[in-house]
There are 2 protein chains.
Amino acid sequence: MQISELARRAGVPVATVKYYLREGLLPQGELTGATRARYREEHLERLRLIRALLGPGGLSVARARAVLAAVDTPGTSVHAALGAAHRALPGVGAEEAADLEQARAVLRRRGWRVAADSPALLALAGALEALRAAGAAPTDELLDRYAEAAARIGEQDVAEVPTGSVAEAVRFVVVNTVLLEPVLLALRRLAQEDASRRRFPTDC
Amino acid sequence: MQISELARRAGVPVATVKYYLREGLLPQGELTGATRARYREEHLERLRLIRALLGPGGLSVARARAVLAAVDTPGTSVHAALGAAHRALPGVGAEEAADLEQARAVLRRRGWRVAADSPALLALAGALEALRAAGAAPTDELLDRYAEAAARIGEQDVAEVPTGSVAEAVRFVVVNTVLLEPVLLALRRLAQEDASRRRFPTDC
DNA sequence: CAAGACTAGAGAGTGGCGCTATCCAATGTC
DNA sequence: GACATTGGATAGCGCCACTCTCTAGTCTTG
């Protein structure tokens with residue numbers, strides 16, 4: 001298939017596909033001449049994955065490239081791929097997070113063990129700091145309930161990882177880590193809406 | 001306090017404070033002359049809230065303005081404020097979501113009732129569509145587990161809403177809806193990391 | 001074989017966004 | 001009276017995700 005068909009089937013302008021090729025998100029097609037290249041079904045899948053990461057996944061092109069690099073690296077272990085995906089994701093980044101204490105305390109109470117430099121830990125500390133700055137510091141009790149819910153989900157996510165090929169597992173981990181986030185957030189808001197309707201019924 | 005003190009205490013450049021004033025995120029100070037205005041402690045709080053929404057909250061200036069408008073509107077009911085906050089948040093937006101069916105099915109199984117045009121419902125449908133497009137369609141079982149975890153959290157969120165003044169409740173709802181999202185995502189990633197370490201122990 | 005449609009590749013341009021810099025006249029402070 | 005600061009307005013900047021344009025080459029159709 002040529003670039004125009006690839007673009008049409010993915011619902012993306014040709015110019016944008018070229019841009020992804022240039023940016024290294026989409027691997028080159030097989031050159032069949034100086035001005036022709038052939039693309040396969042896997043290119044189409046990859047293109048759809050890119051669009052999912054950039055759109056609903058909320059990743060920037062640079063972060064998507066890092067995530068896809070983790071998918072592509074052949075020797076990656078599943079645990080390492082998860083780490084790579086986490087590192088590539090947004091969320092406070094490597095900024096300073098003054099006190100990690102409340103964040104660490106949650107982990108201790110749950111018995112979780114994570115890397116000392118885990119980006120998620122920094123992200124949590126940063127998010128807590130933002131809440132405090134906004135004058136809405138969360139209680140430990142609230143955090144523990146959130147952590148318990150998160151534990152169920154995280155357990156589920158990891159249990160579902162396919163054990164067949166490593167490459168498949170890595171792809172699964174990366175895709176699910178990124179693309180289930182909007183699902184979770186949407187479900188939380190729906191649950192809030194339902195609970196709010198039940199608690200404040202006067203104003204529908 | 002003058003603008004320079006306000007800016008200094010919030011850790012924000014004066015030019016940026018002026019920008020927020022222009023954009024209507026921060027209310028004008030009380031003019032004490034043609035080139036002087038006085039700002040109060042509530043301006044400082046508001047400024048910190050703005051920074052929390054724009055930074056860790058991940059909102060654009062336009063969305064933050066809409067969220068803050070909900071906080072400011074005096075007659076807003078709590079349920080309506082929640083809706084306003086949800087509508088102002090990112091997440092697929094008003095784009096077409098081809099089939100809402102799988103999303104609606106989750107709600108049915110849980111007995112949730114939400115507005116037919118709930119933005120969160122569209123967001124969920126869009127997120128599911130993205131997963132399908134990426135070749136990682138989630139099973140109903142997985143969705144139900146996510147929904148159950150979300151139910152606990154949403155219930156908790158709503159139960160904590162202060163019943164004192166409506167304005168306070170609205171502010172609480174908006175802030176928590178937005179700023180607890182990064183907390184939840186970070187906790188999920190930490191749970192994944194812990195579960196992944198336990199399941200794939202070979203490669204630490 | 002000629003005309004026209006398409007292609008790879010590369011560079012420049014675009015529009016939106018969140019600031020940031022500059023300027024002005026007026027008002028403070030020392 | 002010298003100098004800094006302010007409110008207000010306008011313009012500019014840097015980044016990002018495209019999008020346009022151009023060139024030289026290639027395929028297809030008649």
Side-chain angles (χ1 to χ4, degrees), chain A residues 1-40 43-44 47-68 88-90 93 95 130, chain B residues 1-40 43-44 47-68 88-90 93 95 130:
Chain A
M1 121 182 64
Q2 305 200 131
I3 198 172
S4 56
E5 187 182 347
L6 176 66
R8 191 174 36 73
R9 286 177 64 188
V12 172
V14 171
T16 304
V17 174
K18 286 185 174 183
Y19 169 66
Y20 295 154
L21 286 167
R22 244 176 309 164
E23 291 295 318
L25 301 184
L26 190 62
Q28 303 289 338
E30 181 196 351
L31 282 177
T32 64
T35 67
R36 287 299 127 129
R38 178 162 49 225
Y39 301 92
R40 306 177 187 283
H43 285 97
L44 181 57
L47 184 49
R48 290 207 237 256
L49 175 58
I50 291 167
R51 293 296 280 188
L53 293 178
L54 293 185
L59 268 55
S60 67
V61 166
R63 287 181 190 281
R65 183 168 36 229
V67 167
L68 291 169
L89 290 173
E95 303 159 36
Chain B
M1 126 182 56
Q2 305 200 133
I3 198 171
S4 55
E5 187 182 349
L6 176 65
R8 191 175 35 75
R9 285 177 64 188
V12 172
V14 170
T16 303
V17 175
K18 287 185 174 183
Y19 169 66
Y20 295 155
L21 286 166
R22 246 183 344 236
E23 291 294 319
L25 301 184
L26 191 63
Q28 302 289 339
E30 180 196 351
L31 281 177
T32 64
T35 65
R36 288 299 127 128
R38 178 162 49 226
Y39 301 92
R40 306 177 187 283
H43 285 97
L44 181 57
L47 185 48
R48 292 207 237 255
L49 175 57
I50 291 168
R51 294 295 281 189
L53 293 179
L54 293 184
L59 267 56
S60 68
V61 166
R63 287 181 191 281
R65 182 167 38 227
V67 167
L68 291 169
L89 291 173
E95 303 160 34

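Every chain is numbered from 1 and lettered A, B, ... according to where its sequence line falls, protein lines coming before strand lines.
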- prompt: So which heavy atom on A:Ala37 is nearest to which on A:Leu31, and how close?
  reply: CB-CD2, 4.0 Å
- prompt: Is any side-chain N or O of B:Arg22 under 3.5 Å from a base N or O of D:dT10, one able to act as donor and the other as acceptor?
  reply: yes
field: Spacing between A:Glu23 atom CD and D:dA17 atom P, to the nearest angstrom
entry: 8 Å
task: Ignoring backbone atoms, establish whether A:Tyr39 has a side-chain N or O less than 4.0 Å from OP1 or OP2 of C:dA8.
output: yes
- prompt: At under 4.0 Å between heavy atoms, what does A:Gln2 touch on the DNA or RNA strands: base, sugar-phosphate, or nothing?
  reply: sugar-phosphate
- request: Specify the separation, in whole Å, of atom CG of A:Leu59 and atom C1' of D:dC16.
  value: 14 Å
- request: Determine yes or no for a side-chain-to-main-chain donor-acceptor pair under 3.5 angstrom, with B:Arg65 supplying the side chain and B:Gly24 the backbone.
  value: no
message: Does C:dC17 have its OP1 or OP2 closer than 4.0 Å to a side-chain nitrogen or oxygen of B:Tyr19?
response: no
- request: Could you state the atom-to-atom distance from CD1 of A:Ile3 to C1' of C:dG9 in whole Å?
  value: 10 Å
field: Residue whose nearest DNA chain C nucleotide is more 5′ - B:Leu54 or A:Ser4
entry: A:Ser4
message: Side-chain N or O of B:Gln28 versus OP1/OP2 of D:dG8: is the shortest distance under 4.0 Å?
response: yes
message: Any heavy-atom pair between the side chains of A:Leu26 and A:Leu6 that's under 4.5 Å?
response: yes
query: Touch check for B:Ala15, heavy atoms < 4.0 angstrom, all strands: base, sugar-phosphate only, or nothing?
result: base
message: Side chains of A:Arg51 and A:Thr16, heavy atoms from C-beta outward: is any pair under 4.5 Å?
response: yes
message: When you measure only distances, ignoring hydrogens and angles, does the side chain of A:Lys18 come within 3.5 Å of the base of C:dA10 through a donor and an acceptor?
response: no
task: Specify the separation, in whole Å, of atom CZ of B:Arg63 and atom C1' of C:dG18.
output: 15 Å
message: Rounding to an integer number of Å, can you tell me how far A:Leu21 CG sits from D:dT19 C1'?
response: 15 Å
query: How do A:Ala34 and A:Tyr20 order along DNA chain D: which one's closest nucleotide is nearer the 5' end?
result: A:Tyr20
message: Tell me whether the side-chain N/O atoms of B:Thr35 come closer than 4.0 Å to OP1 or OP2 in C:dG28.
response: no
Atom-pair distance (CZ on B:Arg36; P on D:dG8), nearest Å: 12 Å
Length of the line joining A:Arg38:CZ and C:dC6:C1', which is rounded to integer Å: 17 Å
message: Nearest 0.5 Å, please: how far is CG in A:Leu53 from CG in A:Leu68?
response: 5.5 Å
- line: Of the candidates C:dT20, D:dG7, D:dC27, the side chain of B:Thr16 sits closest to C:dT20
message: Quick check for you: among D:dG7, C:dG18, C:dA8, whose closest atom lies nearest to any side-chain atom of B:Leu31?
response: D:dG7
- prompt: Rounding to a whole Å, what distance do you find between B:Leu26:CG and C:dG18:P?
  reply: 16 Å
